[in-house]
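Heads up, the thing below is written out as structure tokens.
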Amino acid sequence: MSRSQLVAEHLPLLRRYARALTGSQASGDAYVGAMLEALLQDPSLLDEQHGPRAGLFRLFTQIWNSVALNDDTHVATLPMPSERRLSNITPLPRQAFLLLSLEGFSEEEVAYILRTDVAEIRKLTDTAGREMAAEIATDVLIIEDETFIAMDLESLVKNLGHNVIGVARTHSDAIALAKTKKPGLILADIQLADGSSGLDAVNELLKLFEVPVVFITAYPERFLTGERPEPAFLISKPFQPAMVSAVASQALFFQRNSRNRAPNAAVS
């Protein structure tokens, strides 16, 4: 397999990670773009000691950490949303937590990606856990038509300290529930079994009020193409509980701490 094919194979999940880290499609994709430009200029930058995927994440991390949070001379080179200035959860613990929980890397691989050791990674993830636990619990709406998956999500959400206001199995159920009990977070399957769309339901709700949304799909590659507005927070089926925890915490984190946030844009 050629170098370009290796990069293309792992690019969708890298873009997912970048979006979860930054809180937006535009900013996440901008960092991935900067990494690709650097790699085109110097292919030797890709260290494949732990495989091409870990190497790409390591290079991405180098790009991410090289841009100072509040250094205007650097910020001007990339579209930096207000989320990049958040300070409730510090950058390194957030990166370690996402690499372990969302991307499924081992502690050794995360240590390699972040250029540190396993002991430090454990400290960072402990820090992230404490900081995320300090977030205020919220009311969660689940849009999911598969009974057992809905039950798993409901149990997980409750164990995280949140309150489930209801489980909607169709587009119309989701609209009715959300209008009656305004949720603080939505977990939504994109394609529902009756032919209706969780994506359409969410877009309709976002016209009424602002709420963080985590989408769940068995086909994440369809929504990580960069060709249209896309979900910033996306979970693949089958999912691990740690992944739902990580992504939901990130969605709430960015929604509650961003400053001068623009109204939510619909995704299609």
Side-chain donor or acceptor of [X] paired with backbone N/O of [Y] under 3.5 Å:
X	Y	value
Glu144	Glu146	yes
Thr125	Arg122	yes
His162	Thr138	yes
Asp117	Glu120	yes
Glu204	Ala201	no

Pairwise distance [atom1]([X]) to [atom2]([Y]) - rounded to 0.5 angstrom:
X	Y	atom1	atom2	value
Leu14	Arg19	CG	CZ	10.5 Å
Glu109	His50	CD	NE2	7.5 Å
Asp145	Gln191	CG	CD	9.0 Å
Leu114	Gln62	CG	CD	12.0 Å
Glu37	Ile63	CD	CD1	9.5 Å

Taking all heavy atoms of [X] and all of [Y], pick out the closest pair and write down the distance.
X	Y	answer
Val214	Ala248	CG2-CA, 4.1 Å
Ala18	Val32	CB-CG2, 3.7 Å
Asn65	Gln95	OD1-NE2, 3.3 Å
Ile121	Glu107	CG1-O, 4.2 Å
Pro12	Ala8	CD-O, 3.4 Å

Are Arg15 and Asp29 close enough, and set up right, to give a side-chain contact (heavy atoms from CB on, under 4.5 Å), and what steps lead you there? CA-CA 6 Å; Arg15 295 177 68 229; Asp29 286 354; 2.8 Å; yes

Determine, stepwise, if the pair Leu177 / Ile165 fulfils side-chain contact (heavy atoms from CB on, under 4.5 Å). CA-CA 8 Å; Leu177 268 172; Ile165 62 173; 5.7 Å; no

What residue among Val157, Val167, Val213 forms side-chain contact (heavy atoms from CB on, under 4.5 Å) with Leu187?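 Exactly one pass, corresponding to Val157.
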
State which residue, out of Leu45, Leu46, Leu40, Leu39, fulfils the side-chain contact (heavy atoms from CB on, under 4.5 Å) condition with Asp42.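 Checked Leu45, Leu46, Leu40, Leu39 against Asp42; only one passes side-chain contact (heavy atoms from CB on, under 4.5 Å): Leu45.
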
Cation-pi, Phe57 ring and Arg53 (6.0 angstrom, 45 degrees):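 Judged by the rule (NZ or CZ under 6.0 Å from the ring centre, within 45° of its axis), Arg53 counts as positioned above Phe57.
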
Applying the 4.5 Å side-chain criterion to the ILVMFWY set and letting contacts propagate, would [X] and [Y] be lumped into a single cluster?
X	Y	result
Val140	Met151	no
Leu208	Val211	yes
Val118	Val110	no

Hey, are the side chains of [X] and [Y] touching, using non-hydrogen atoms and a 4.5 Å cut-off?
X	Y	answer
Met35	Leu56	yes
Glu103	Leu98	no
Leu141	Ile143	yes
Leu36	Leu11	yes
Pro183	Phe209	yes
Leu21	Trp64	yes
Ile190	Ile216	no
Phe215	Ile235	no

Is a donor from one side chain sitting under 3.5 angstrom from an acceptor on the other, for [X] and [Y]?
X	Y	result
Thr170	Asp173	yes
Arg16	Ser236	yes
Gln49	Arg58	no

Would you please classify the geometry between the Phe60 ring and the Tyr31 ring as parallel, tilted or perpendicular, with 30° and 60° separating the classes?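 The arrangement is perpendicular - the two ring planes meet at more than 60°.
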
More than 12 heavy atoms of other residues, nucleotides or ligands under 6.0 Å from NZ of Lys181: is that the case?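 Result for NZ/Lys181: open.
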
Under the side-chain contact (heavy atoms from CB on, under 4.5 Å) criterion, do Arg115 and Thr61 qualify, and how do the steps go? CA-CA 9 Å; Arg115 300 171 186 265; Thr61 299; over 6 Å; no

Hey, is Lys237 close enough to Asp189 for a salt bridge, meaning N to O under 4.0 Å?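 Yes, charged N to carboxylate O under 4.0 Å.
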
Test side-chain contact (heavy atoms from CB on, under 4.5 Å) applied to Phe239 and Ile149, step by step: CA-CA 10 Å; Phe239 56 79; Ile149 293 179; 3.8 Å; yes

